[in-house]
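Right, one structure below, let's go through it.
Just so you know, these numbers come straight off a predicted model, no measurement behind them.
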Amino acid sequence: MIPATSDEIIHALQDMAEDPKLPERLTVLVQHAADAHGRLRLTTPASVLHTADATLIGEIAASPQLVSLRLRMLAPTVLTSPFPSDAVITALRDAGYAPVHEQDDGAIRLQRPTDRRHPLLPAPRSAEPAADVPDVDHVAEALLSAPVDKAVTRLSSTERVLARDTRQLDSPMRPPRR
């Protein structure tokens with residue numbers, strides 16, 4: 001077995017030496033080497049999430065909805081996840097956050113929204129006219145040929161409000177009241 005800790009290395013050296021009492025200088029060097037080893041560490045996260053808002057990072061790290069992302073806090077404003085950024089972004093958005101992708105140089109990477117819509121949102125309107133839209137020329141001709149003295153018997157609530165409020169408007173032919 002290969003020794004892994006400074007104490008294991010010192011014990012292994014003592015076992016190999018004729019005198020089990022090692023020089024103090026050698027013991028100190030082994031301990032210093034063990035202390036220095038691992039001070040600089042490299043990790044390969046699939047995603048790094050960062051912000052200037054430490055409170056927001058803490059909230060995200062503690063969110064029960066995001067446990068599956070296996071988030072790890074590297075600093076008060078930095079989280080990592082072993083999952084790809086697209087999966088992390090989707091999970092954060094599903095949890096109610098609004099993250100954006102960042103490129104390697106720090107620039108924001110804009111994305112078009114997906115076709116997936118929230119079930120409570122209405123479907124997007126089509127720019128095409130509906131198939132049953134009447135011919136505008138025909139409707140205009142019917143309106144212009146209608147008798148002027150024929151009274152409208154039933155007004156909608158909107159038409160009643162408009163009829164009531166438009167009585168106070170000045171006629172375009174009449175000079176304004178003073």
Side-chain angles (χ1 to χ4, degrees), residues 1-134 136 156-158 161-162:
M1 180 172 130
I2 300 174
T5 67
S6 61
D7 287 340
E8 289 174 356
I9 292 171
I10 291 171
H11 288 301
L13 289 172
Q14 286 172 336
D15 291 343
M16 289 188 275
E18 293 175 14
D19 183 7
K21 177 113 170 91
L22 294 176
E24 185 179 343
R25 176 104 174 108
L26 178 60
T27 306
V28 169
L29 284 173
V30 169
Q31 288 170 341
H32 281 301
D35 290 342
H37 184 73
R39 247 191 302 179
L40 182 61
R41 300 182 329 183
L42 174 69
T43 185
T44 53
S47 301
V48 176
L49 183 65
H50 67 95
T51 179
D53 188 348
T55 305
L56 178 60
I57 286 289
E59 177 184 313
I60 290 169
S63 173
Q65 289 177 303
L66 301 171
V67 169
S68 63
L69 292 178
R70 297 190 353 228
L71 295 169
R72 187 175 77 152
M73 189 175 288
L74 295 181
T77 58
V78 181
L79 292 172
T80 65
S81 173
F83 297 102
S85 61
D86 290 337
V88 173
I89 288 273
T90 300
L92 287 166
R93 287 181 179 157
D94 289 347
Y97 297 98
V100 293
H101 277 282
E102 185 179 82
Q103 297 180 138
D104 294 342
D105 62 359
I108 301 296
R109 187 175 86 198
L110 299 177
Q111 291 178 290
R112 293 235 177 249
T114 62
D115 291 338
R116 196 181 85 192
R117 298 182 62 80
H118 192 278
L120 297 179
L121 292 177
R125 293 184 184 180
S126 167
E128 300 293 320
D132 58 348
V133 174
V136 176
S156 71
S157 59
T158 304
V161 170
L162 288 172

Q | Pairwise side chain to side chain donor-acceptor pair (under 3.5 Å) hits with a residue in residues 10-30, at least two apart | A |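 Every pair satisfying side chain to side chain donor-acceptor pair (under 3.5 Å) with a residue in residues 10-30: His11-Gln14.
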To check you understand the geometry: which heavy-atom pair defines the closest contact between [X] and [Y], and what is its length?
X: Ser85; Y: His101; value: OG-CE1, 3.3 Å
X: Pro84; Y: Ala46; value: N-CB, 3.8 Å
X: Ser6; Y: Val30; value: O-CG1, 3.9 Å

Requested in this report: With the side chain counted from C-beta on, respond yes when His50 and Val78 share a heavy-atom pair under 4.5 Å apart, and no when they do not.
Outcome: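 SC-SC contact between His50 and Val78 confirmed.
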- Answer whether the closest heavy-atom distance between the side chains of Leu74 and Val48 falls below 4.5 Å.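 No, side chains not in contact.
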One should read off an interatomic distance between Gln31 CD and Ile9 CD1, to the nearest 0.5 angstrom, of 10.5 Å
Between the OG1 atom in Thr77 and the CG atom in Leu49, the distance rounded to the nearest 0.5 Å is 10.0 Å
Please report, to 0.1 Å, the donor-acceptor pairs under 3.5 Å made by any side chain of residues 51-71, with sequence neighbours excluded.
unit_1 : atom_1 : unit_2 : atom_2 : d
Thr51  : OG1    : Asp53  : N      : 3.3
Asp53  : OD1    : Thr55  : N      : 3.1
Asp53  : OD1    : Leu56  : N      : 3.2
Glu59  : OE2    : Tyr97  : OH     : 2.8
Ser63  : OG     : Gln65  : N      : 3.3

